[in-house]
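Structure, as structure tokens:
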Amino acid sequence: MPSRTHFIMKAPAHLSRRQFLRRSGAVAGAALAAPLFIPVSALGRGALIAPSERVAMGFIGVGGQGSGHLLGGAWTYLAGGYTARKDVQVLAVCDTWRPRREQAKLRVNQHYTETYGAGKYQPCEAYVDFRDVLARPDIDAVLIATPAHWHATMAVMAVEAGKDVYCEKPSAVTVRESQAMLDAVRRYGRVYQAGTQQRSEYEGRFRIACELVRNGRIGKLKSIYAYREGGAIAWPTHFGPAQPIPPDLDWDLYLGPAPALPYDGNTGAHRFDIGELNWGQHHYDIVQWGAGTDATGPAELWIEEGKTAYRYPNGVEVYGRPHPDEKVGMDGGVSFVGTEGRITVDRGNLVSTPADIVREPIKPDDLHLYHADSHSGNFLECVRTRKKTICDADIAQHSATALLLGGVVKQLQRPLKWNPERMEFIGDDEANRLLSLSQRPPWRV
Amino acid sequence: MKFSFSMKHSFGLVLAFGLAVLAGPVFLRAADASEEAQLIQTLQTSSNPQVVGAALDRLQRIGTARSVPAVARWLTGESQLAQSARQVLETMPAPEAGRALIDALWKAKGLAKVGIITSLGVRREAKAIPALWDLLRDTDAEVARAAATALGKIGGAVALPALLDSLPAAKEPVRGAVVDGLLACAKRFVEEGNGAAARPVFEMLAGSKEKDFVRTAAFRGLILAAGADGTGLALAAIQGNDGPAQVAALQLARELPGDDTTMKLAALLPNVPVPVQASLIGALDQRGDPAAAGAILPFAGSTEPAVRFAAVTALGNLAGAEAAGALLEAATSREAVIQKAGREALLVLRRGDVTQALLAQLASAKPAIQAEAVRALGGRADAAAVPRLLELAGSGDDASQRACLRALAVLADARQVGALTRLVLAAKSEGARAEAADALASISQRSAGQLDVAPIVEGARGSGSAEGRAALLQVCSGLVEPRIRTAIRAAVKDANPVMREGGVRALCDSRDPEVLPDLLALARDAAEVNFRALAVRGYVRLATDEQTAHATGKSPLALLQQILAVADRPEEKRVVLAGLGTVVDPAALDIVSPLLDQPVVQAEAALAATQIAKAVSGANRDLAETTLKRVLAVTTDAGQKAAVEAALKQIEALADYVTAWQVAGPYRENGKDYAALFDIAFAPETAPASANWRLMPVGTDPARPWLLDLLKLYGGEQCVAYLRTGVYSETEQPAVLELGSDDGVKVWLNGQQVYANNIARPLTPGSDKARVTLRPGWNSILLKLTQNNLGWECCARFVRPDGSRLTGLRADASRGGL
């Protein structure tokens with residue numbers, strides 16, 4: 001019986017994965033039940049990832065969110081995580097906390113050992129410095145689930161290292177960062193997907209809601225309740241006395257672009273947040289999808305009832321608070337209000353007033369939005385085919401900007417006018433100066 | 001101490017900035033004319049890093065050219081302040097800021113220098129190019145890398161030669177930054193409409209031995225820079241052997257301009273390798289040009305799953321009726337991914353007469369194809385298909401009829417009740433009759449009680465076949481309506497056995513509480529054993545329906561006691577026990593517990609007792625534990641034992657929550673949200689005796705007896721409330737107060753604040769833990785709970801430091817407070 005070589009086997013260190021596959025003529029994955037497979041030899045050049053090959057991934061940040069992606073968890077929308085996927089091989093995990101990365105590595109390798117047998121796969125390695133992950137030529141894509149202040153910087157560096165990127169939200173913490181991220185993705189032609197999985201997951205509720213709105217089922221769209229207001233970050237100018245840095249932590253790498261603060265015990269993902277930076281992009285992503293403004297942004301911003309509010313060029317107003325008459329919506333939700341009704345959606349609910357609006361299905365001749373029902377599946381499909389993902393860098397840049405503009409108006413507490421084409425506030429230097437934050441060297445975007 | 005004016009002024013500023021700093025993120029105040037001058041003075045006179053930092057932070061927003069010299073002196077100093085100083089100058093529109101950064105370049109070293117270079121890049125400071133050119137050769141690799149990145153950001157005809165000049169000698173890690181700078185320069189040329197300036201750069205890199213991903217980027221740039229020639233480059237690359245170029249071309253294929261580009265791309269499909277086919281079809285799909293559909297259609301039958309998947313998905317978006325057959329074939333695929341793609345594509349297929357194409361398949365195709373056509377017609381909500389479906393359902397062969405009826409179950413509405421009633425009565429096979437009846441039942445369900453049942457009732461009482469009339473009765477069983485009740489009762493007494501059975505089955509499926517006595521009588525008196533069993537089942541279902549209690553005023557327990565009295569056989573008792581298991585009432589245990597001693601129903605009695613005990617355990621913990629232990633003693637089934645043990649553990653886990661509390665509130669303040677209210681002291685903190693304390697209602701949610709539900713009590717948003725109680729401990733002992741709160745919570749124990757979490761979130765019991773020491777005797781507790789919006793809840797209990805149960809405590813709501 002001729003021997004068959006699977007990619008899961010370890011490649012010689014001096015060869016890239018593609019080179020290894022080309023030389024070995026590997027026919028990978030068939031026995032591993034990847035859903036679709038084509039012999040890699042049919043391609044012969046190794047540039048595209050053939051369906052028979054696994055997408056090799058590195059996971060940067062394996063705390064709560066990252067380990068959920070990696071291994072599955074109570075919150076995750078992917079049972080068993082990426083590790084359990086037969087079309088993925090996890091080659092690297094990275095975290096500034098030693099126990100996290102070592103535990104993640106252990107769990108991944110345990111799974112592979114149980115599934116494929118000891119010594120029959122290329123083991124996952126643990127790294128403290130993400131630059132070492134990016135330097136590996138055999139990794140196709142990285143998943144970034146680090147503290148928010150790192151997201152865009154790492155995404156840019158990953159793209160500049162030739163990696164495709166899945167990046168948790170917020171996609172950036174300043175508008176300038178969001179532009180730099182988009183610019184890098186376009187410069188290198190990489191695949192990018194934002195961690196705004198509401199476009200794909202939750203039984204398609206958000207897509208259906210947006211399709212109903214875009215097809216005029218609530219008449220002319222007048223206003224949108226985003227449930228959460230804008231957000232931003234601010235570097236602290238005040239800090240307490242230093243504590244000893246735990247030996248298991250690389251505090252300097254945790255801080256990254258943030259100022260060189262003394263260690264104070266807080267290694268949270270959102271320690272520099274103002275407002276709704278954590279959840280906000282989920283909400284504004286759906287606001288923009290439903291309003292049909294994925295490629296633009298608000299024109300006017302102000303504070304109303306203590307929360308941020310926007311007016312888009314088409315007159316639609318967006319309020320950063322819940323709809324007063326809705327009992328649902330806080331779970332990532334949005335309420336669209338039109339001249340003939342209202343649609344409210346969150347992760348568990350899709351409701352309307354009148355109730356019949358959501359009962360009437362979208363028909364073939366109606367406008368259909370990008371349809372994917374697995375966020376990770378969409379990302380991996382696009383890594384292979386080079387298609388545009390459901391939340392690509394353009395969409396992420398605009399939804400992050402919608403969120404971050406709210407952060408500016410929240411800080412200034414006065415009305416502002418925004419030019420979405422030029423990406424600048426109109427006649428307001430003070431506001432424009434809040435579109436970026438300096439980064440601690442050597443970090444930059 | 002005597003202060004000079006300036007010293008006092010400085011002190012005032014220090015104080016002001018100190019306060020601003022302590023207030024957390026600074027929400028901006030409007031600048032006044034003298035503020036900048038004051039800030040400049042602070043920068044010149046203060047050595048306090050926090051005060052300087054706050055001044056720089058403010059200048060980032062209001063600083064002008066006047067403040068540049070004062071800010072610049074901090075650029076090369078302590079790293080955090082240097083970063084703040086860069087922040088001021090990086091974003092300042094005044095050209096003086098750029099000049100100051102250039103000047104500082106030569107004084108700075110190491111990372112401070114890297115930071116300044118980065119800031120020059122952010123500003124796109126063209127005057128810095130000569131300096132940056134020199135720095136490309138700096139021995140500090142970080143400096144050289146930063147210079148390359150900055151030059152890339154500045155771009156233009158002057159920056160580009162600097163980068164090109166350094167490339168031949170550049171080694172990693174600097175080389176990567178130089179290449180990136182070149183790509184950035186060239187990309188900017190393209191964006192500015194100067195593709196001619198960009199092409200040589202991209203051509204040089206695309207043809208180089210740089211890494212594959214660099215060559216992909218360069219080839220991508222080359223296609224974009226080439227204007228009208230770009231499409232030709234992309235077409236050649238897709239057919240070629242250069243992997244990086246091919247990847248770039250495939251990714252851009254979705255957006256290449258040109259009227260005939262779609263067809264040129266589509267024409268490549270037959271002659272490229274399989275993975276390229278899949279990618280190219282994906283690109284054609286995302287171009288959204290229906291012109292590609294014809295070229296893609298043959299690939300819907302590809303033996304390569306990746307290609308077939310891409311083709312089927314694309315056809316749904318691009319093709320029309322001509323693709324219906326191929327997509328139906330895909331929808332019957334054994335490959336789950338293909339089947340799903342086919343089904344989804346059929347739902348969006350929209351060019352030409354797709355309805356007619358799908359209907360045509362109903363009359364002639366294989367059963368699997370028929371089934372998928374039915375699914376598609378239903379999913380497409382294609383009401384235009386209804387007349388033809390009704391026509392086919394009354395003619396054609398049996399399989400075709402049934403397929404049409406399945407589609408009608410989805411598409412027909414109240415207007416088709418008469419026609420479908422006639423189809424039930426006229427059906428020639430049992431299968432067709434059942435499908436027609438199902439279609440009627442579906443309309444009934446969707447009409448939410450608004451259906452005119454006259455045609456169905458008249459049909460059931462008419463002269464049609466007994467089988468048809470019986471099937472119509474079955475359709476009626478889901479509706480509560482006097483005419484239906486009369487018809488069902490008449491049928492139960494019908495001499496025709498088919499009609500009688502139809503009537504009995506309809507009665508036993510009925511949702512009408514008025515027929516409970518009929519069911520009780522049937523269960524007691526029917527000669528047929530199976531009818532008795534059906535009656536018991538129907539009675540139990542109705543008795544445990546929430547609507548029944550509303551309609552009859554009788555509790556489920558009372559109703560179930562009646563049926564238990566007539567349920568003679570073990571199988572009937574088991575059904576009643578299943579119903580009893582759903583009753584949340586400790587009295588139900590009085591009925592179930594004796595049956596634990598009857599071996600033939602012991603297993604079902606054990607299950608019911610376990611369910612009831614779990615449900616009532618919050619308010620009846622002792623009874624629940626006693627019952628569960630008894631179940632454990634008699635049951636022999638391992639699974640049942642495990643379930644009981646789990647229930648006992650759960651009771652213990654949720655035990656000891658403190659539920660005796662007084663509550664005061666709600667408290668609000670104009671313009672303050674929940675987060676701000678968290679630190680505003682209201683009466684319970686400042687004058688507890690004056691607060692409006694009252695007993696906190698508990699047990700408002702039977703499933704969560706430990707829950708304190710403030711939303712139910714007060715409602716509202718953006719407010720706070722307080723809870724207080726006393727807890728008695730025999731001895732001094734360490735403990736952990738386990739809290740769950742929606743939203744934020746602050747805790748005082750014996751007058752000392754021991755915990756605070758200003759947050760908006762849903763409740764998770766035990767999410768927050770505060771280590772405390774309980775003193776002997778009474779310990780007073782005060783909780784402050786904030787409310788953002790929606791839920792407003794809390795729960796609290798004490799456990800030992802190791803997480804185990806802490807027994808022996810007791811609570812008294814009158815002994816709480818600060």
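All values below were derived from every heavy atom in this structure, side-chain atoms included, with hydrogens, water molecules and symmetry-related copies excluded. Throughout, protein chains are lettered first and strands after them, A, B, ... in sequence-line order, and every chain is numbered starting at 1.
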With chain B as the partner, which of [options] has the greatest number of non-hydrogen pairs under 4.5 Å?
options	answer
A:G189, A:P322, A:P361	A:G189
A:A431, A:A161, A:A184	A:A161
A:R384, A:R414, A:R433	A:R433
A:I362, A:D373, A:V328, A:V445	A:D373
A:R186, A:R190, A:E326	A:R186

Should [X] and [Y] count as side-chain neighbours, where that means a heavy-atom distance under 4.5 Å?
X	Y	result
A:W443	B:T118	no
A:P441	B:R86	yes
A:Y370	B:Q286	yes
B:R145	A:R444	yes
B:E717	A:R321	no
A:P364	B:V354	no
B:V348	A:H371	no
B:L252	A:R386	no

Would you mind checking which part of [X] comes under 4.5 Å of any heavy atom in chain A, side chain (CB onward), backbone (N, CA, C, O), both or neither?
X	result
B:K113	neither
B:R380	both
B:A184	both
B:L349	backbone
B:T313	neither
B:K672	neither
B:A248	neither
B:V143	neither
B:L111	both

Rounded to the nearest 0.5 Å, what separation is found between the [atom1] atom of [X] and the [atom2] atom of [Y]?
X	Y	atom1	atom2	answer
A:K388	B:D285	NZ	CG	11.5 Å
B:S279	A:I49	OG	CD1	11.0 Å
B:S119	A:Q439	OG	CD	10.0 Å
A:L437	B:Q87	CG	CD	5.0 Å
A:S438	B:Q83	OG	CD	4.0 Å
B:E191	A:D183	CD	CG	6.0 Å

Inset, instruction - Answer yes when B:R61 and A:D429 have at least one side-chain N-carboxylate O distance shorter than 4.0 Å, and no when they do not. - result: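 Result for this pair is no, no salt bridge flagged.
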Legend entry - Basic-acidic side-chain contact under 4.0 Å: B:D180, A:R187: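 A salt bridge is present here (some side-chain N lies under 4.0 Å from a carboxylate O).
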Inset, instruction - State which residues pass salt bridge (Lys or Arg N to Asp or Glu O under 4.0 Å) with B:R308; sequence neighbours excluded, sorted by chain then number. - result: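 In terms of salt bridge (Lys or Arg N to Asp or Glu O under 4.0 Å), with neighbours along the sequence ignored, B:R308 is linked to no residue.
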Inset, instruction - Answer yes or no: are there more than 12 heavy-atom neighbours, outside A:K307 itself, under 6.0 Å from its atom NZ? - result: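 Result for NZ/A:K307: enclosed.
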Legend entry - A:N432: side chain to side chain contact (heavy atoms under 4.5 Å, CB included) partners, not counting sequence neighbours: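 So A:N432 forms a side chain to side chain contact (heavy atoms under 4.5 Å, CB included) with A:E424, A:F425, A:L435.
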Hey, which of [options] has the most heavy atom pairs under 4.5 Å with chain A?
options	answer
B:K187, B:E255, B:E142	B:K187
B:G176, B:G63, B:A336	B:G63
B:N317, B:L250, B:D673, B:V122	B:V122
B:R254, B:E90, B:E344	B:R254
B:K211, B:R351, B:K340	B:K340
B:V214, B:V190, B:T149	B:T149

Specify the closest pair of heavy atoms between [X] and [Y], including all atoms of both residues, with the distance to one decimal.
X	Y	answer
A:S436	B:Q60	O-NE2, 3.9 Å
A:Y188	B:T216	O-CG2, 4.4 Å
B:V114	A:P442	CG1-CA, 3.9 Å
A:G162	B:F213	CA-CG, 3.3 Å

Legend entry - B:Q718 and A:E305: CA distance, side-chain angles, deciding distance, side chain to side chain contact (heavy atoms under 4.5 Å, CB included) verdict: CA-CA 11 Å; B:Q718 308 307 335; A:E305 297 187 18; over 6 Å; no
Legend entry - Check: B:Q80 side chain, A:R440 main-chain N or O, donor-acceptor pair, under 3.5 Å: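 Absent.
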Inset, instruction - Answer with side chain, backbone, both or neither: which region of A:P324 has an atom nearer than 4.5 Å to a non-hydrogen atom of chain B? - result: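 Contact with chain B involves no heavy atom of A:P324 at all.
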